Amino acid sequence: MTSAHLDLEAEETPDVADDGVWLTCIECGEQHAPFDDVIYRCPDCDGLLEARYDEYAGFDDFEGSGVWRYAAALPFETGVSIEEGNTPLYTVPSIEDATGVADLRVKHEGMNPTGSFKDRGMTVGVKVSERLGVDRLACASTGNTSAALACYGARADTEVLVLLPAGKVAAGKVAQAALHGARILEVDGNFDDCLDVVSELADRGEAYLLNSLNPFRLEGQKTIALEILEQSKAETGEYPDRIVLPVGNAGNTAALYKSFRELVAAGDMDEDEMPAITGVQAEGAAPLVEAIQSGAESVERWEEVETRATAIRIGMPVNAPKALPGVRATGGTAVAVEDEEITAAQRELAQDGVGVEPASAASVAGLHKLREQGVVDADEQVVCLTTGHLLKDPDAAAAAGAEPVPAPADADGVLDVLGE
Ligand code: F0G
């Protein structure tokens, strides 16, 4: 295991706890006050921080709907909210047939208010920024984080700055950030370069960082796991065996594992019931897959990355120290897929009525590959996570779909064109 301090039950509530919440460094175990100063990494060793609680919530503690149904597992009772969460868990009959998986569902996070799962992190993260009293929010983004931050920042009436890799962000996402009033800088570099710059700005106190390096973002994203588990249990009587998801910064991968550990601590899940966390990356941006497949302790940054799935065009998954142990401890794996396989999966999802952006379809493309490799069994209960809506990337959708055909403005002419 790469990180020593992931055992929630081993920890005592420290003096620095605030309302039963604190931050623990997953590398050195040092405990820090959550809301006194702005910190993103451990001031002692630079390790990643994780939010910890004096008590862990179980399913009996949840009430209401959406992300804040899970307030008992979050640092606050309410957040800066536009009713995020409560997304559908769809059946996908034709993909079930095509993959031969007997029980396959798709958790469509594209159905969140800004069209991606990022809203779950922002409703919590922007609330923390209010508590800290900061006056500017910032992120680096492949698009969706910037759209969500712009929206939630507007809702909180706080200035937002977003750094985007120039020319590599899908049109819908830039449009959202623009309309919600963010200052948008298009940086001559890739996402990882943008994150380097915005992290330095945050360290200099110029802005509050709301990338998934911020541990509170992942608290909100835990609710994806909680919803999947509740929905699966209600529909099938069981927790799923496996959750397959696209990986960029590995924030969701880390958040799923944290949620499972908390449920174990609450007594609502046995360790061997944790769904196998299964990550999918594009072949052109697959550093986490490389680490999982080689058994490495840590991820090596890829300087050159390329994929049609621009949302996950990332060479250094910042949450890898939290995510690698999660994939391994749950018996999961990671796999890389070609862009063509991603587009094929995007079409396949669309045929089942589920419209997603390319990165989202990576989960289904990965499932196909793992079935072909014999890694996933036919009798597993599988959930694929689709992270963003089709309209996020209209150019990719148009390119993957059917060509419009010109037609005259009369019925006979239309029938002629149809060849009928
Ligand atoms: N899918 C979509 C649609 C995304 O936008 C992202 C990340 C991911 C998957 C990967 O999730 O980082 O938790 O592994 N998008 C970020 C952004 C990087 O800036 O919008 P992860």
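All ligand and atom numbering here is 1-based and tracks the order in the structure. Numbering starts at 1 and runs along the sequence shown. Just so you know, these numbers come straight off a predicted model, no measurement behind them. Any value given below was found using the heavy atoms of this structure, including those in side chains, with hydrogens, waters and symmetry copies removed.
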_Using a plain distance cutoff, I'd like to know if G251 has any nitrogen or oxygen under 3.5 Å from a nitrogen or oxygen of ligand 1._
yes

*Between N252 and ligand 1, is there a nitrogen or oxygen pair with a distance under 3.5 Å?*
yes

*If you measure from atom 19 (O) of ligand 1 to every heavy atom of A140, S141, A359, which option wins on shortest distance?*
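Result: the heavy atom closest to atom 19 (O) of ligand 1 is in S141.
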
*If every non-hydrogen atom of A250 is compared with every non-hydrogen atom of A320, which pair is closest and at what distance?*
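Minimum heavy-atom separation between A250 and A320: CB-N, 4.4 Å.
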
Can you tell me if [X] uses its side chain to pair, donor with acceptor, with the backbone of [Y] under 3.5 Å?
X    : Y    : value
Q381 : D103 : no
T386 : S360 : no
D193 : N190 : yes

Within the 4.0 Å heavy-atom shell around [X], which atoms of ligand 1 are there?
X    : answer
G143 : 19 (O), 20 (O)
N249 : 12 (O), 14 (O), 18 (C), 21 (P)
T387 : 1 (N), 2 (C), 3 (C), 9 (C)
V247 : 14 (O)
T142 : 15 (N), 16 (C), 17 (C), 18 (C), 19 (O), 20 (O)
E357 : 3 (C)

Nearest non-hydrogen protein atom, [atom]:
atom                    : answer
atom 5 (O) of ligand 1  : N144 ND2, 2.8 Å
atom 20 (O) of ligand 1 : T145 N, 2.8 Å
atom 11 (O) of ligand 1 : F117 CZ, 3.6 Å
atom 10 (C) of ligand 1 : G248 N, 3.4 Å
atom 4 (C) of ligand 1  : A311 CB, 3.6 Å
atom 16 (C) of ligand 1 : K118 NZ, 2.8 Å

_Side-chain heavy atoms of K322 within contact of Y257, under 4.5 Å_ = no

*State, yes or no, whether a side-chain contact exists between N319 and T253 at a heavy-atom distance under 4.5 Å.*
no

_Residues in side-chain hydrogen bond (donor to acceptor under 3.5 Å, both in side chains) contact with D119, at least two apart in sequence or another chain_ =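 In terms of side-chain hydrogen bond (donor to acceptor under 3.5 Å, both in side chains), with neighbours along the sequence ignored, D119 is linked to T114.
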
_Would you call the rings of Y239 and F59 parallel, tilted or perpendicular, taking 30° and 60° as the class edges?_
tilted

Closer than 4.0 angstrom: is that true for some heavy atom of [X] and an atom of ligand 1?
X    : result
S116 : no
I312 : yes
A250 : yes
I314 : yes

*asked:* Do N252 and Q221 pair up side chain to side chain, a donor and an acceptor below 3.5 Å, judged on atom types alone?
replied: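 There is such a pair between these side chains.
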
*Indicate whether any N or O donor in one side chain lies under 3.5 Å from an N or O acceptor in the other, for Y56 and D268.*
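Side-chain D/A pair, Y56 to D268: absent.
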
Less than 3.5 Å apart, which donor and acceptor atoms pair up between the side chains of residues 33-43 and the rest of the protein, not counting sequence neighbours?
from	atom 1	to	atom 2	distance (Å)
Y40	OH	L209	N	3.0
R41	NH1	D46	O	3.1

_Between K222 and E219, does any side-chain N to carboxylate O distance fall below 4.0 Å?_
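Answer for the salt bridge query: yes.
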
